[in-house]
Structures are given as structure tokens and as C-alpha cells.
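Okay, structure first, notes after.
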Amino acid sequence: MTTLEKLAATIAARKGADPDTSWTAKLLSKGPEKCAEKFGEEAVEAIIEAVKGDRARLTSEAADVLYHLLVMLASRDVPLSEVLDELERREGTSGIAEKAGR
């Protein structure tokens with residue numbers, strides 16, 4: 001199991017946890033809209049660090065983006081495995097061709 005898969009499993013396990021003791025449970029208890037908003041905030045922070053060129057800060061913000069993406073997916077009951085399956089389906093396909101096929 002990869003680190004990302006372990007994180008997704010932890011997030012899924014925290015879905016019913018006490019929001020007073022778990023940040024993940026607290027965020028999930030606020031609903032999918034709040035989870036999406038938080039993901040967007042983290043994505044913007046990663047963009048800012050990418051533009052600045054601070055490798056350490058970008059790495060940290062990228063970790064936050066991945067975590068909050070998994071929380072957002074969990075808020076809509078979309079498992080990481082479905083995203084990984086979609087990436088595998090796209091493997092070997094040009095991005096241009098993939099976009100044209102949508």
C-alpha cells in the first residue's frame with residue numbers, strides 16, 4: 001500500500017470520528033462545499049510557492065494539496081482507487097487526444 005493509499009484509508013476511517021478531536025472529521029462534518037473550498041485554498045498556496053520558487057515550501061504545500069484533495073474526494077464518496085483507475089486508463093494517451101475525447 002502506498003503512502004497516498006494509506007492516507008486515503010485514514011481519511012475514510014476518520015469520516016465518523018469526533019470533529020472535536022480530528023481535523024479530518026471536522027472538515028468532513030462541514031460538508032463537500034467546505035472541503036472543496038479548503039482544497040482550493042491549498043491549491044492557491046501551492047501555486048504561490050511554485051511562482052516564488054521556494055522548493056521546501058512548495059513541497060509542503062503540495063502535501064497539503066494532496067491531503068485536501070483526498071478529503072474532498074471522501075466528502076463525495078469517491079475512492080482514491082477510482083481516480084487511480086482513471087489515471088491508468090489514460091496512460092499512454094496524449095493529453096491533447098484525451099481532452100478531445102471528452
### Task
Any chance you could lay out the side chain to side chain contact (heavy atoms under 4.5 Å, CB included) test for E5 and L84, step after step, and finish with the verdict?
CA-CA 10 Å; E5 290 167 325; L84 296 176; 4.0 Å; yes

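- A 4.5 Å side-chain heavy-atom check between L70 and L4 finds at least one atom pair inside the cut-off.
- Hydrophobic clustering of Ile, Leu, Val, Met, Phe, Trp and Tyr side chains at less than 4.5 Å, counting indirect connections, unites L7 with M72.
- Distance check: I47 CD1 to L58 CG gives 10.5 Å after rounding to the nearest 0.5 Å.
- For S81, there are no side-chain hydrogen bond (donor to acceptor under 3.5 Å, both in side chains) partners at least two apart in sequence or on another chain.
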### Task
Tell me, with the steps shown, if K38 and V71 meet side chain to side chain contact (heavy atoms under 4.5 Å, CB included).
CA-CA 9 Å; K38 188 63 180 164; V71 171; over 6 Å; no

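- F39 and V78 fall within the same hydrophobic cluster, defined by Ile, Leu, Val, Met, Phe, Trp and Tyr side-chain heavy atoms under 4.5 Å apart, directly or through other members.
- One finds the OH atom of Y67 at 10.0 Å from the OG1 atom of T10 (value rounded to the nearest 0.5 Å).
- Scanning for side-chain hydrogen bond (donor to acceptor under 3.5 Å, both in side chains) contacts around K26 gives an empty result, with sequence neighbours left out.
- Residues V65 and A46 come closest through the heavy atom pair CG2-CB, 3.8 Å.
- There is a path of hydrophobic side-chain contacts, each under 4.5 Å, that joins W23 to I11.
- Rounded to the nearest 0.5 angstrom, L87 CG and L80 CG are separated by 9.0 Å.
- Taking hydrophobic clusters as Ile, Leu, Val, Met, Phe, Trp and Tyr residues chained together by side-chain heavy-atom distances below 4.5 Å, V83 shares a cluster with L28.
- Taking the salt bridge (Lys or Arg N to Asp or Glu O under 4.0 Å) definition, one finds that E45 meets it with nothing, sequence neighbours left out.
- Considering only residues two or more places apart in sequence or on other chains, E82 meets the salt bridge (Lys or Arg N to Asp or Glu O under 4.0 Å) condition with none of them.
- Checked against side-chain hydrogen bond (donor to acceptor under 3.5 Å, both in side chains), D77 has the following partners two or more places apart in sequence or in another chain: K15.
- Residues meeting the side chain to side chain contact (heavy atoms under 4.5 Å, CB included) test with A25, sequence neighbours left out: A17, S22.
- To the nearest 0.5 Å, atom OG1 of residue T24 and atom NE2 of residue H68 are 8.0 Å apart.
- The shortest side-chain heavy-atom distance between D85 and R89 does not fall under the 4.5 Å cut-off.
- Taking OG1 from T59 and CD from E49, the interatomic distance works out to 10.0 Å, rounded to the nearest 0.5 Å.
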